[in-house]
Every structure is written in structure tokens, then in C-alpha cells.
Amino acid sequence: MAAKTAPLDALGAGLCPDLWFGYTPERLNGWYGEIGEDGCTMYQKVAHWDLFPYMFSYTILLGSILVRVARSTKCPQAIAHVMSATLIMDIIESNVQLRGCKIYPNGRLDDRLVAIGSAANRMKW
């Protein structure tokens, strides 16, 4: 992910919200102000790459590893479903953040939508 976010990192706004552990409306909406319209355009490219293929790749890879470990330890293989839940949370989080980029600078994300994105972000981690 670092290679994809390098141009965005150069704007000096710090890590992308995907890499935070939860956030407030002020922090997330402030981040859009820090990266500006050009940064929002860059972030959209990062997020679209994140949505596909990255999310599905890590879900399949890590889910497969969990199944293999579960088989060797006699653990229920259903533990691998945690990766599907992670995928769903990541999709929700990324779509909230993409919405913020799409409405910036003419609007700001509703606090309730940010709360949903933040909860999904924390559950993902």
C-alpha cells in the first residue's frame, strides 16, 4: 500500500485514513482539507485499487492461511470467515472515505456517516 500512497504522502497530511484506528468527523473532514482537491483525486485512485484487487487478494490469501492453520490444529475452519468480515468492513470504510473525496470541497461528510466509517475501520483492524 505504501507504494500506492507515496504521492499522497508527499502532500504532508500523514497516513491515509485507511491506516488510522478510528477517527472523528473533525479529523476525517480536516484530512480532506489538508490534502485538497488534488489529494482527493489521488486518494480516489488509491481507494479504487484498494477496493479491487487488494481487498479481495488479502481476503483469499489470509483466509486460505487460516483454513490451513485450522486444519493442522483441529480448530474449526469457520475461523477463516473472519477475513470475509474484514473485507466487508474495509469496503464500508473505503466507500465512506471515497464519498468524502467526492463531495470535497463543497461539502463535508455527515457525522453519522463518519461514525459508520470509523466503526468499520476499527472492526477491520
Side-chain angles (χ1 to χ4, degrees):
M1 182 105 162
K4 289 296 266 181
T5 63
L8 200 53
D9 295 342
L11 297 173
L15 296 173
C16 292
D18 307 69
L19 303 175
W20 300 348
F21 185 75
Y23 38 77
T24 63
E26 293 76 24
R27 184 175 183 202
L28 184 59
N29 284 306
W31 184 76
Y32 297 121
E34 290 178 42
I35 63 171
E37 290 182 65
D38 289 341
C40 282
T41 300
M42 286 182 225
Y43 178 75
Q44 288 176 12
K45 291 176 184 173
V46 170
H48 286 123
W49 175 83
D50 192 26
L51 285 165
F52 185 82
Y54 181 71
M55 287 182 195
F56 291 93
S57 299
Y58 78 66
T59 300
I60 292 167
L61 174 67
L62 296 176
S64 299
I65 292 170
L66 282 173
V67 167
R68 186 176 176 105
V69 169
R71 285 181 183 159
S72 68
T73 61
K74 307 280 192 244
C75 222
Q77 292 180 34
I79 190 72
H81 292 301
V82 74
M83 292 313 304
S84 298
T86 301
L87 171 68
I88 291 166
M89 294 304 116
D90 210 355
I91 289 170
I92 292 168
E93 170 205 31
S94 292
N95 278 292
V96 167
Q97 293 161 191
L98 276 170
R99 174 75 181 138
C101 279
K102 289 178 183 175
I103 64 173
Y104 179 83
N106 300 319
R108 70 182 254 126
L109 287 171
D110 181 87
D111 290 359
R112 293 168 294 188
L113 192 56
V114 173
I116 291 167
S118 181
N121 169 275
R122 284 177 293 193
M123 286 188 272
K124 171 186 83 170
W125 291 114

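Just so you know, these numbers use all the heavy atoms, side chains as well, and skip hydrogens, waters and symmetry mates.
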Given side chains that start at C-beta, do those of Met89 and Trp125 come closer than 4.5 Å, heavy atoms only?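 Not touching, per the 4.5 Å side-chain cut-off.
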From [X] atom [atom1] to [Y] atom [atom2], the distance as rounded to the nearest 0.5 Å:
| X | Y | atom1 | atom2 | value |
| --- | --- | --- | --- | --- |
| Ser118 | Met123 | OG | CE | 9.5 Å |
| Leu66 | Gln77 | CG | CD | 11.0 Å |
| Thr86 | Leu62 | OG1 | CG | 8.5 Å |
| Gln44 | Asp50 | CD | CG | 13.5 Å |

What do you reckon, is CZ of Arg108 surrounded by more than 12 foreign heavy atoms closer than 6.0 Å? yes
Could you tell me which non-hydrogen atom of [X] sits nearest to which non-hydrogen atom of [Y], and how far apart they are?
| X | Y | answer |
| --- | --- | --- |
| Leu51 | Ser94 | CD2-CB, 4.0 Å |
| Leu87 | Phe56 | CD2-CE2, 3.7 Å |
| Ala47 | Leu98 | CB-CD2, 3.6 Å |
| Tyr43 | Cys101 | CD2-SG, 3.5 Å |

Same cluster for Met55 and Ile60 if Ile/Leu/Val/Met/Phe/Trp/Tyr side chains link at under 4.5 Å? no
State yes or no: do Val67 and Ile79 share one hydrophobic cluster built from I, L, V, M, F, W and Y residues joined by side-chain heavy-atom distances below 4.5 Å, directly or via other members? no
Does [X] have any side chain to side chain contact (heavy atoms under 4.5 Å, CB included) partners at least two apart in sequence or in another chain, and if so, which?
| X | value |
| --- | --- |
| Leu11 | Leu8, Ile35, Met42 |
| Val69 | Ile65, Thr73 |
| Ala115 | none |
| Ile116 | Ile92 |

Between Asp90 and Tyr54, a side-chain donor and acceptor under 3.5 Å: no
Gly117 backbone acceptor or donor facing Asn121 side chain under 3.5 Å: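 Side chain of Asn121 to backbone of Gly117, a donor-acceptor pair under 3.5 Å: no, none is there.
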Only pairs at least two apart or in different chains count here, so list each side chain to side chain donor-acceptor pair (under 3.5 Å) that has a residue in residues 19-42. Tyr23-Gln97
By the salt bridge (Lys or Arg N to Asp or Glu O under 4.0 Å) test, which pairs, at least two apart or in different chains, include something from residues 64-85? none
